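Keep in mind that this is a model prediction, so the values were computed, not measured. Indexing begins at 1, ligand by ligand and atom by atom, following the structure's order.
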Amino acid sequence: MNNQPIGFLDSGVGGLTVVKEALRQLPHEDIVFIGDQARLPYGPRPVDQVQAFTWQLTRFLLKQNIKMLVFACNTATADALEVIKPQLQIPVVGVILPGTRAAIKATKNRRIGVIATEGTINSGAYQQAINARDPQLEVISLAVPKFVTLVESGQYATPIARKIVAEMLQPLVGSGIDTLIMGCTHYPLLRPLIQEFMGPEVQLIDSGAEAVSEVSVLLDYFEIAAGNTEHRGKARFYTTASPKMFDQIAADWLDLTDLKAQQVNVTEEGPTCSMN
Ligand code: DGL
């Protein structure tokens with residue numbers, strides 16, 4: 001039993017889609033979340049820069065005395081998980097493997113689509129993870145960078161969003177996929193529009209939500225779940241930019257109307273260096 005919080009990081013509000021699932025699946029756990037909105041988007045950034053920023057967010061969360069770290073960001077998972085995870089003393093969970101496992105389970109015709117940021121698509125992380133399990137599975141990958149900006153500007157339920165979703169997903173028309181991984185934690189906020197465009201026969205996979213099931217399993221495996229089941233978990237939210245839009249989206253998306261994110265500066269957490 002362990003009552004320390006679980007840490008979640010992302011480049012912005014996208015990680016809230018993972019926190020939402022954590023609040024649902026793990027109601028007794030305390031949560032600390034940080035979104036690096038001042039330096040968003042991570043998708044177009046070089047790998048070494050994503051690693052450097054992710055280290056800073058990690059250091060900030062370690063100072064909050066977390067017992068487990070969740071990379072609630074596919075780009076950080078693709079670029080930085082394998083570098084950071086071996087250097088920490090606590091379990092670290094990414095979103096790519098859980099999304100991969102769920103997609104392999106869901107597909108019937110063995111054609112899986114992946115939409116994600118340029119960084120995640122260029123890393124080939126989903127393709128490799130899927131084909132490592134089954135080389136016969138066909139993977140169709142597409143970078144849809146505009147989706148992150150749509151979500152961060154709070155326009156995820158507008159007619160403009162519907163138009164951009166249709167334009168960006170056009171290359172998937174006729175691809176024959178029956179399963180589509182939303183390989184960026186911002187995309188579940190666009191889920192109704194993505195589903196509408198792809199049609200009901202395509203099953204959408206939310207990698208972040210799948211990762212929370214893995215967190216739940218690991219809490220039991222390491223025997224570090226919160227001890228007191230009477231305790232209602234508390235969540236604290238931090239952002240590196242102005243909290244205004246963060247609070248609005250959190251209220252709309254998480255139904256946490258009294259949420260007040262705090263603005264913090266993580267650049268003082270040091271550059272790319274490891275914890276050693
Ligand atoms: N939400 C992030 C992801 O899952 C990153 C979006 C971005 O900053 O480009 O990839």
Student: Could you tell me the residue and atom name of the protein heavy atom closest to atom 5 (C) of ligand 1, and the distance to it rounded to 0.1 Å?
Tutor: S11 OG, 3.4 Å
Student: With heavy atoms only and a cut-off of under 4.0 Å, state how V95 meets ligand 1: side chain, backbone, both or neither.
Tutor: neither
Student: Under the salt bridge (Lys or Arg N to Asp or Glu O under 4.0 Å) rule, what do E29 and K67 come out as? Steps first, then yes or no, please.
Tutor: CA-CA 11 Å; E29 297 292 340; K67 62 182 173 186; 2.6 Å; yes
Student: Are a donor atom and an acceptor atom from the side chains of S11 and D36 found within less than 3.5 Å of each other?
Tutor: no
Student: What protein heavy atom is closest to atom 1 (N) of ligand 1, reported as residue, atom name and distance in Å?
Tutor: H186 ND1, 2.8 Å
Student: Counting non-hydrogen protein atoms only, what is the nearest one to atom 9 (O) of ligand 1? Give residue, atom name and distance.
Tutor: G43 N, 2.8 Å
Student: Among protein heavy atoms, which lies nearest atom 10 (O) of ligand 1, and at what distance?
Tutor: T75 OG1, 2.7 Å
Student: For G12, state whether at least one heavy atom is located under 4.0 Å from any atom of ligand 1.
Tutor: no
Student: Under 4.0 Å from a heavy atom of T117: which atoms of ligand 1 are those, numbered in the order shown and with their elements?
Tutor: 6 (C), 9 (O), 10 (O)
Student: Would you say the ring centers of F33 and Y238 fall short of 6.0 Å from each other?
Tutor: no
Student: Could you check atom 3 (C) of ligand 1 against the protein and tell me its nearest heavy-atom contact, residue, atom and distance included?
Tutor: N74 N, 3.3 Å
Student: Relative to the heavy atoms of P41, which atoms of ligand 1 are at a distance of less than 4.0 Å?
Tutor: 7 (C), 8 (O), 9 (O)
Student: Within the 3.5 Å criterion, strictly below it, is a donor on D178 or T107 matched to an acceptor on the partner's side chain?
Tutor: yes
Student: Name the closest protein heavy atom to atom 7 (C) of ligand 1, giving the residue it belongs to and the distance to 0.1 Å.
Tutor: Y42 N, 3.3 Å
Student: Give me the atom names and distance for the closest heavy-atom approach of L193 to R162.
Tutor: CD1-N, 3.6 Å
Student: Kindly check if the number of other-residue, nucleotide or ligand heavy atoms within 6.0 Å of CD (E201) is above 12?
Tutor: yes
Student: Let's go through D30 and R236 carefully: what are the C-alpha distance in whole Å and the side-chain angles of both, what is the deciding distance for salt bridge (Lys or Arg N to Asp or Glu O under 4.0 Å) to 0.1 Å, and is it a yes or a no?
Tutor: CA-CA 8 Å; D30 287 349; R236 277 180 288 141; over 6 Å; no
